[in-house]
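Here the structure is a predicted model, which is why all the values come from computation and not from measurement. Within every chain, numbering begins at 1; the chains are lettered A, B, ... in the order of the sequence lines, protein sequences first and strands thereafter.
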There are 2 protein chains.
Amino acid sequence: MDELDFDIIKRLQTDGRTSYTDISEELGVTVGTVRNRVQRLIENQILKIVGVVNPFKTGSPSVTIFGMKVRHQKLDHVIKKLVAIPEVRFVAAATGVYDLYVEVITSSNEELYRVMKNGISAIDGIESIESSLILEIFKQSYDWDVGSQSSQ
Amino acid sequence: MDELDFDIIKRLQTDGRTSYTDISEELGVTVGTVRNRVQRLIENQILKIVGVVNPFKTGSPSVTIFGMKVRHQKLDHVIKKLVAIPEVRFVAAATGVYDLYVEVITSSNEELYRVMKNGISAIDGIESIESSLILEIFKQSYDWDVGSQSSQ
DNA sequence: ATTGATATTGAAAAATTTATAATTTATTAT
DNA sequence: ATAATAAATTATAAATTTTTCAATATCAAT
């Protein structure tokens, strides 16, 4: 990871379909180099180019954020199980009131209930779950500051 | 929004750089149609094609999730102010313990402190803030089920 | 300095995107 | 129902981008 990687990422953060040609001209390297770099970043799972939708604009989905307290000996196990559930789209460890934050998106409340009952509740090691149904998303941006070589 | 829109979105959710040609062949429509649809979806802010990075793989950032309780009369105002802060990348209204969930990404703890002190704390109407520093992200997927015409 | 490994470049071929006009499909008013 | 209008889709060609690959350059270790 060097300055060029960061610069390429910055460009793709604002538009994931920016042509490698454009990026190469802007950054003063060859298209091939941009291509190689992007490929490597994607292979190493540092970068992912995806179409993102606001779930509330494509239907009436159930978006839920869970705050979980977990037995620390079981943390790895709980994470592994959660990650394996398709409807679980975000899992992160945190400090503070909850050990884990988990986001689930289903296309209905019935399906949410199914995931909670058969998927999440069945996991051994979860001590408590606080759940919040998301009503509306006001901001969802992906161009956060990836920093730079010099700032590390 | 019809079945074709959903199918195009589904394809882009897994790879944002899938060629329109590929999509068109797969869905049995012309490239032009795919192009028009994607353009319209992006214009209407239903779809966004972006490069997403795992912030923890591009440095040592501060990722924080805030749970906020807000005076309901001030909710619009608080949301407006939060959305305007560049480091705030996610704002959503919720049921449950918190009225708002907010995610902030900064490239350091110092910057996080600055955003909290000058940006967030300065907003009138926030009654309480619970903050959790995210330590690691285990899953971050974007291919949630956008449903279909028939399922709506 | 030399070797080996890795990354970048340049150039041509293949493929995709873009633009545009014609056609089809859908919508609205009569 | 029918005609008129609008909107979306198609087909085609030109412009651009992506891909491939051999040659060159860069870097790290000996």
Quiz prompt | Geometric cation-pi criterion R17(A) and Y20(B), 6.0 Å radius, 45° cone | solution = yes

Name the pairs: protein N/O against N/O of nucleotides 25-29 of chain D, kept only if under 3.5 Å.
none

Exercise. Treat primed atoms plus P, OP1 and OP2 as sugar-phosphate and everything else as base, then score nucleotides 10-22 of chain D 5' to 3': B for base contact with protein heavy atoms under 4.0 Å, S for sugar-phosphate contact only, - for none.
Key: BB-----SBBB--

Sequence neighbours left out, what passes salt bridge (Lys or Arg N to Asp or Glu O under 4.0 Å) with [X]? Give chain and number order.
| X | result |
| --- | --- |
| D15(A) | none |
| E26(A) | R11(A) |
| D145(B) | none |
| R71(A) | none |

Quiz item: Is the NZ atom of K81(A) crowded by more than 12 outside heavy atoms at less than 6.0 Å?
Solution: no

Quiz prompt | Sidechain N-carboxylate O distance under 4.0 Å for E127(A), K69(A) | solution = no

Exercise. Please name all residues satisfying side-chain contact (heavy atoms from CB on, under 4.5 Å) with T106(A), sequence neighbours left out, ordered by chain then number.
Key: S62(A), E87(A), V104(A), E111(A), L112(A), V115(A)

Quiz item: Mind checking what makes side-chain contact (heavy atoms from CB on, under 4.5 Å) contact with K80(B), not counting sequence neighbours?
Solution: none

Exercise. Could you check if a side-chain atom of I134(B) sits within less than 4.5 angstrom of a side-chain atom of I65(B), using non-hydrogen atoms only?
Key: yes

Quiz prompt | Partners passing ring pair (Phe, Tyr, Trp, His ring centres under 6.0 Å) against Y142(B) (at least two apart in sequence or in another chain) | solution = Y142(A)

Quiz prompt | Listed partners of Y101(A) passing ring pair (Phe, Tyr, Trp, His ring centres under 6.0 Å), at least two apart | solution = Y98(A)

Quiz item: Could you give the start and end, 5' to 3', of the contact zone on DNA chain C for chain A, using atoms under 4.0 Å from its heavy atoms?
Solution: dA7(C) to dT17(C)

Practice problem: Would you work out how much the helix from dA1(C)-dT30(D) to dT30(C)-dA1(D) bends between its ends, with each end axis defined by five base pairs, to 10 degrees? | Solution: 50°

